[in-house]
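Numbered from 1 within each chain, the chains take letters A, B, ... in sequence-line order. Computed from heavy atoms alone, side chains included, the values below leave out hydrogens, waters and symmetry copies.
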Amino acid sequence: MGRSGRAAQTDTARSAYFDRVFAIVAAIPPGRVTTYGTIARALGTPRSARVVGWALNVAPEGAALPCHRVVDRDGNLSGGWHFGHPDIMANRLRDEDVPFVAPYRVDLASCLWDPAEGLVDALGAERERDEQGE
DNA sequence: AGTATGACCAACG
DNA sequence: CCGTTGGCCATAC
């Protein structure tokens, strides 16, 4: 099979870290947003917020990842230009009824979604049972 | 194997 | 309040 040569390594390997980033982004519910730092924290690497942004940078166009639901710590559409124009990203979020506090800034207080919470729901109450033990 | 980068974050002035 | 600086971590060349 003619793999795409040098692209095969980066396109297929894609370090598990990036893969986990994509998994979390794909799990962001409509109408909600999360931040790069929050995703990084959910992965156990709170200092790797920049790497999370990089993951989206190399995210394949074919992947239906709602990368428009990822904003920076202040709710600003820092990656807006990646969609061609920040307005495109903003329109997508508005289409999901995401509240804005500024033309290119969402209201995190209302729509911030913590991946950890979503994962807790996915993993089941097993973790909750552990916390009850405390 | 080392250097440069980046859709970040926090600290400073 | 706003611009600037540094650190951070994983990837790309």
Side-chain angles (χ1 to χ4, degrees):
Chain A
M1 317 310 254
R3 292 182 185 175
S4 299
R6 60 193 157 108
Q9 293 180 348
T10 56
D11 189 35
T12 303
R14 266 211 219 273
S15 294
Y17 195 88
F18 278 27
D19 189 19
R20 293 189 182 102
V21 173
F22 299 145
I24 291 178
V25 173
I28 304 173
R32 295 279 190 162
V33 300
T34 192
T35 69
Y36 305 95
T38 302
I39 294 173
R41 195 177 305 113
L43 295 176
T45 53
R47 314 284 174 155
S48 308
R50 308 180 80 187
V51 182
V52 174
W54 227 326
L56 298 180
N57 183 27
V58 301
E61 295 177 355
L65 294 176
C67 42
H68 61 277
R69 295 177 189 149
V70 184
V71 298
D72 70 353
R73 190 55 174 168
D74 297 327
N76 291 302
L77 311 186
S78 56
W81 286 107
H82 257 262
F83 296 83
H85 194 281
D87 194 47
I88 297 175
M89 183 175 179
N91 286 337
R92 279 195 177 186
L93 293 172
R94 289 196 182 92
D95 186 54
E96 298 179 356
D97 294 328
V98 173
F100 279 72
V101 297
Y104 298 108
R105 184 172 180 177
V106 301
D107 183 14
L108 290 180
S110 298
C111 61
L112 177 60
W113 176 76
D114 188 346
E117 294 178 357
L119 291 176
V120 170
D121 184 53
L123 294 174
E126 183 177 1
R127 181 175 178 178
E128 292 180 355
R129 182 166 61 84
D130 183 48
E131 290 181 353
Q132 288 178 353
E134 278 183 43

If you look only at pairs with a residue in residues 72-95 of chain A, which of them pass as a salt bridge (charged side-chain N to carboxylate O under 4.0 Å, His left out), with sequence neighbours excluded?
none
Could you give all pairs that pass the salt bridge (charged side-chain N to carboxylate O under 4.0 Å, His left out) test and reach residues 97-107 of chain A, with sequence neighbours left out?
none
To the nearest 0.5 Å, atom OG1 of A/Thr34 lies from atom CG of A/Asp114 at 6.5 Å
Report each atom pair, protein N/O against N/O of nucleotides 6-10 of chain B, whose distance is under 3.5 angstrom.
| unit_1 | atom_1 | unit_2 | atom_2 | d |
| --- | --- | --- | --- | --- |
| B/dG6 | N7 | A/Arg50 | NH2 | 3.1 |
| B/dG6 | O6 | A/Arg50 | NH1 | 3.3 |
| B/dA7 | N7 | A/His82 | ND1 | 3.1 |
| B/dA7 | N7 | A/His82 | NE2 | 3.1 |
| B/dA7 | N6 | A/Leu56 | O | 3.1 |
| B/dA7 | N3 | A/Tyr36 | OH | 3.0 |
| B/dC8 | OP1 | A/Ser78 | OG | 3.3 |
| B/dC8 | N3 | A/Arg50 | NE | 3.2 |
| B/dC8 | N4 | A/Arg50 | NH2 | 3.1 |
| B/dC9 | OP1 | A/Gly37 | N | 3.3 |
| B/dC9 | OP1 | A/Arg73 | N | 3.3 |
| B/dC9 | OP2 | A/Arg73 | N | 2.8 |

Going by side chain to side chain donor-acceptor pair (under 3.5 Å), name the residues that satisfy it together with A/Thr38, two or more places apart in sequence or in a different chain.
A/Thr35
Transitive ILVMFWY cluster of A/Tyr104 at side-chain heavy atoms under 4.5 Å: who else is in it?
A/Val33, A/Val71, A/Leu77, A/Phe83, A/Ile88, A/Met89, A/Leu93, A/Val98, A/Phe100, A/Val106, A/Leu108, A/Leu112
Please lay out, stage by stage, how A/Thr45 and A/Val51 fare under the test side-chain contact (heavy atoms from CB on, under 4.5 Å).
CA-CA 10 Å; A/Thr45 53; A/Val51 182; over 6 Å; no
Any pair counted as salt bridge (charged side-chain N to carboxylate O under 4.0 Å, His left out), so long as it reaches residues 41-67 of chain A, sequence neighbours left out
none
What residues form a salt bridge (Lys or Arg N to Asp or Glu O under 4.0 Å) with A/Arg69, not counting sequence neighbours?
A/Glu96
Are any of A/Ser15's side-chain N or O atoms less than 4.0 Å away from OP1 or OP2 of C/dT11?
yes
DNA chain B-proximal residues of residues 100-107 of chain A, any heavy atom under 4.0 Å
none
Rounding to a whole Å, what distance do you find between A/Arg20:CZ and C/dA10:P?
12 Å
